[in-house]
2 protein chains.
Amino acid sequence: MTGVDVVDTPVAELADAVDRARAGSAFLREKLGDLPVRGAEDFARLPFTTKQELRETPFLDYAAVPAERIVRIHSSSGTTGRRTICAYSAKDLDDWAEMFARCYSFAGVTEADRVQLMVGYGMWTAGVGFQAGAERLGAMTVPSGPGNTDLQLELMREAGTTVFGATSSFALLIAELVEREGLRDELSLRVGVIGSERWGDATRRRIESGLGIETFDIYGMTELWGPGTGIECSQHDGMHVWSDHYHVEIVDPETLEPVPHGTPGEVVVTTLTKEATPLVRYRTRDLSFRYGEPCQCGSPYPRIGRIEGRSDDQVKVRGVIFLPAQVDTVLAEVAGAGSEFQAHVDRDESGRDSLTIRVEGSDRPGLAGELAERFQAKIGIRVDVDLVAMGTLPRNAGKTKRVFDHRTL
Amino acid sequence: MTGVDVVDTPVAELADAVDRARAGSAFLREKLGDLPVRGAEDFARLPFTTKQELRETPFLDYAAVPAERIVRIHSSSGTTGRRTICAYSAKDLDDWAEMFARCYSFAGVTEADRVQLMVGYGMWTAGVGFQAGAERLGAMTVPSGPGNTDLQLELMREAGTTVFGATSSFALLIAELVEREGLRDELSLRVGVIGSERWGDATRRRIESGLGIETFDIYGMTELWGPGTGIECSQHDGMHVWSDHYHVEIVDPETLEPVPHGTPGEVVVTTLTKEATPLVRYRTRDLSFRYGEPCQCGSPYPRIGRIEGRSDDQVKVRGVIFLPAQVDTVLAEVAGAGSEFQAHVDRDESGRDSLTIRVEGSDRPGLAGELAERFQAKIGIRVDVDLVAMGTLPRNAGKTKRVFDHRTL
């Protein structure tokens with residue numbers, strides 16, 4: 001313990017943020033009404049904003065600055081439905097670059113590093129976010145984009161890349177390739193900044209050992225500027241969130257009541273400085289928890305746990321809530337298990353649900369049985385295990401789909 | 001005539017640029033020697049730099065600033081061979097944004113515009129160049145990237161897009177789609193900034209009439225920062241080049257001697273302010289000519305003609321040089337001819353070359369014969385015409401291949 005307090009948002013700052021959002025945005029004015037925020041109770045009575053509302057409201061009606069002050073728009077990848085469009089003022093872009101540069105600093109990246117960005121550009125926030133932050137830091141950037149592993153390796157060699165940004169799926173793909181072809185010594189990699197999908201410790205260990213690097217889990221999403229909302233420090237014990245730009249609440253996804261520190265719930269974010277598309281009590285759908293104690297690293301920025309799933313990809317199987325993160329946890333603990341898996345939920349003619357987890361693993365005798373037992377203990381229902389050879393499940397350059405719900409509901 | 005003189009580069013500025021490049025770059029020091037540039041004759045004696053040299057020299061050996069000062073690299077698309085990697089300092093990126101903002105101003109684009117960028121991001125210079133310029137201007141940018149016409153139209157409607165950046169191939173694709181589906185009145189387009197490939201007047205007219213817009217031909221390539229080296233003004237009579245950043249010579253591609261104003265030759269560029277990858281007498285391979293007189297618009301920036309081809313895609317057929325631009329010229333003059341074509345060069349068993357031009361056109365009687373006659377008059381050899389229906393030749397989101405040389409040489 002360092003004695004440093006965790007910084008939380010003063011009510012006056014929340015009140016200012018809400019007032020600015022209301023003053024600019026026709027949508028938020030109508031939604032929030034005009035009651036002043038004089039205390040924490042007033043704030044807690046404000047309605048939540050949902051992804052659905054952001055999707056259905058034209059971005060110019062939602063925006064809290066006039067169209068002339070919007071210098072860019074981005075959209076979410078549409079993984080869970082129609083794209084959400086968010087707008088950015090010049091100051092928003094500047095703040096974002098600054099926050100992302102801070103992320104790199106937390107990951108020990110400096111201006112002497114060479115940072116290769118194997119993430120999507122264009123309408124998506126990943127590429128330009130990772131890049132603006134690295135340039136703000138003064139590092140050399142290699143905007144290689146996603147995919148094309150051969151080109152990635154060629155550029156890594158030519159530029160002497162020391163740091164990369166990627167999804168965990170793509171980082172795994174690169175790590176497996178480098179291992180298979182024995183290229184590790186030709187590369188200068190030392191740090192991976194990994195984001196945009198939930199990834200478990202087993203995957204993490206494979207990426208780290210395959211490439212000989214340290215990885216940092218980074219948080220963010222398009223609605224929160226993009227990636228760069230927070231990141232792990234060298235303690236690797238939760239992600240620090242930039243509380244000078246974001247106020248974070250954790251609520252029970254069903255009752256929407258706040259949960260105590262340490263208890264998992266849905267991350268709800270209010271932006272404090274965002275001009276063009278400010279968020280007030282925005283339900284991110286991400287499941288995490290808030291740490292109560294300051295971090296060993298000494299930073300006053302509050303921490304949330306690494307993302308355990310999304311409130312809307314919680315699957316209920318036979319009355320029990322199943323989360324992909326539960327599979328990760330088991331895989332990380334069982335010798336011989338791989339990191340890649342798919343969860344298939346089926347319903348038979350009698351209406352009975354079943355859960356099959358297809359998982360990569362070695363041919364160690366008894367492995368499937370041990371996994372089935374551990375899954376059952378963790379999840380609380382019987383689980384069928386379909387063990388497949390290492391490297392046979394799909395890897396890709398973006399996000400990997402894990403849960404396949406085949407029930408017709 | 002406006003009485004404004006065309007600005008050319010003072011020798012002292014050239015001497016400074018060459019000295020800075022030599023001081024920083026091991027490659028250029030070795031190549032250029034250390035003789036001072038005291039007059040135009042000294043400069044004219046400096047050796048040319050070629051694309052091949054840029055390709056073969058590791059970018060860190062070529063760079064004129066230490067690696068720590070490089071904040072980004074980009075690479076060419078590799079249309080004509082291996083990728084060329086160019087490096088950028090923070091000041092280079094700043095200068096580039098400034099030049100590109102100037103391009104938009106010449107095209108009448110202001111901060112009130114909404115600019116959709118249907119060009120590639122990542123390692124390529126198009127996306128980030130078009131975007132940085134528009135943001136510097138203060139316009140709203142929509143970084144939609146290339147391809148996906150449905151998404152493009154959706155974003156144009158949602159953002160109220162007034163300006164777009166694209167290759168001529170992709171702009172044609174969009175124009176044809178908008179015309180076919182009668183969508184023109186739902187869009188707010190007024191300006192297209194078109195670059196990255198040679199395009200003729202026939203294509204231009206189809207894009208302009210299909211979308212009801214004015215188009216501006218923009219110049220540039222990765223080695224010259226990227227797009228944004230120069231652009232047409234509202235006179236549409238050649239492209240102004242930013243002579244505060246580029247010194248332009250036009251030379252005969254075979255003798256490498258300077259040619260008089262008005263005479264076509266290869267564009268050779270020396271950069272005046274570029275820090276990380278400066279160019280000294282760089283042979284761009286682009287064929288154009290230099291205007292002698294000031295522009296009616298009153299701007300002192302010198303003009304070059306729109307690009308007529310590349311010195312390395314000049315094809316010799318039966319001893320005669322054939323350039324795709326010659327086809328464009330004919331197509332623009334013949335009623336019923338489309339704008340899209342392919343030139344196929346073949347050699348029969350007796351060693352005799354033939355040139356077939358496959359071209360889109362209407363079913364007007366006599367059209368094929370008239371085209372064959374006009375091509376022969378323009379190019380100087382017999383040309384076979386293969387007339388195909390409108391819309392049947394490939395369109396794509398990037399550059400369109402026009403010349404297919406099937407001879408085994």
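As the structure is a computational prediction, the values presented were derived from the model and not from experiment. So that the names make sense, note that chain A is the first sequence line, chain B the second, and so on, each numbered from 1.
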I'd like a table of the N/O donor-acceptor pairs between chain A and chain B - cut-off under 3.5 Å, distance only.
residue  : atom : partner  : partner atom : Å
A:Val71  : O    : B:Thr141 : N            : 2.9
A:Val71  : O    : B:Thr141 : OG1          : 2.9
A:Arg72  : NE   : B:Glu135 : OE2          : 2.5
A:Arg72  : NH2  : B:Glu135 : OE1          : 3.2
A:Arg72  : NH2  : B:Glu135 : OE2          : 3.1
A:Ile73  : N    : B:Thr141 : O            : 3.0
A:Arg83  : NH2  : B:Glu154 : OE1          : 3.0
A:Arg83  : NH2  : B:Glu154 : OE2          : 2.9
A:Met123 : N    : B:Pro143 : O            : 2.9
A:Glu135 : OE1  : B:Arg72  : NH2          : 3.2
A:Glu135 : OE2  : B:Arg72  : NE           : 2.5
A:Glu135 : OE2  : B:Arg72  : NH2          : 3.1
A:Thr141 : N    : B:Val71  : O            : 2.9
A:Thr141 : O    : B:Ile73  : N            : 3.0
A:Thr141 : OG1  : B:Val71  : O            : 2.9
A:Pro143 : O    : B:Met123 : N            : 2.9
A:Glu154 : OE1  : B:Arg83  : NH2          : 3.0
A:Glu154 : OE2  : B:Arg83  : NH2          : 2.9

**Fill in**
Residue from A:Ala90, A:Pro143, A:Gly160 scoring the most non-hydrogen pairs under 4.5 Å with chain B is A:Pro143
**Asked** What part of B:Leu137 is in contact with chain A, defined as an atom under 4.5 angstrom from a non-hydrogen atom: side chain, backbone, both or neither?
**Response** neither
**Message:** Does any backbone or side-chain atom of A:Ala159 lie under 4.5 Å from a heavy atom of chain B? Answer side chain, backbone, both or neither.
**Reply:** both
**Item:** Residue part contacting chain B, namely of A:Ala87, when any heavy atom lies under 4.5 Å
**Value:** neither
**Prompt:** Which atoms of B:Ala67 come close to chain A, meaning under 4.5 Å heavy atom to heavy atom: side chain ones, backbone ones, both, or neither?
**Reply:** both
**Set of residues satisfying side chain to side chain contact (heavy atoms under 4.5 Å, CB included) with respect to B:Ala126, sequence neighbours excluded** = B:Val119
**Message:** Using heavy-atom distances under 4.5 Å, tell me whether B:Ala139 contacts chain A through its side chain, its backbone, both, or neither.
**Reply:** backbone
**Item:** Contacting region of B:Ile73 [heavy-atom separation from chain A under 4.5 Å]
**Value:** both
**Item:** Under 4.5 Å from a heavy atom of chain A, the part of B:Leu155 involved
**Value:** side chain
**Message:** Using a 4.5 angstrom heavy-atom cutoff, name the option from A:Ile70, A:Val128, A:Leu93 with the most pairs to chain B.
**Reply:** A:Ile70
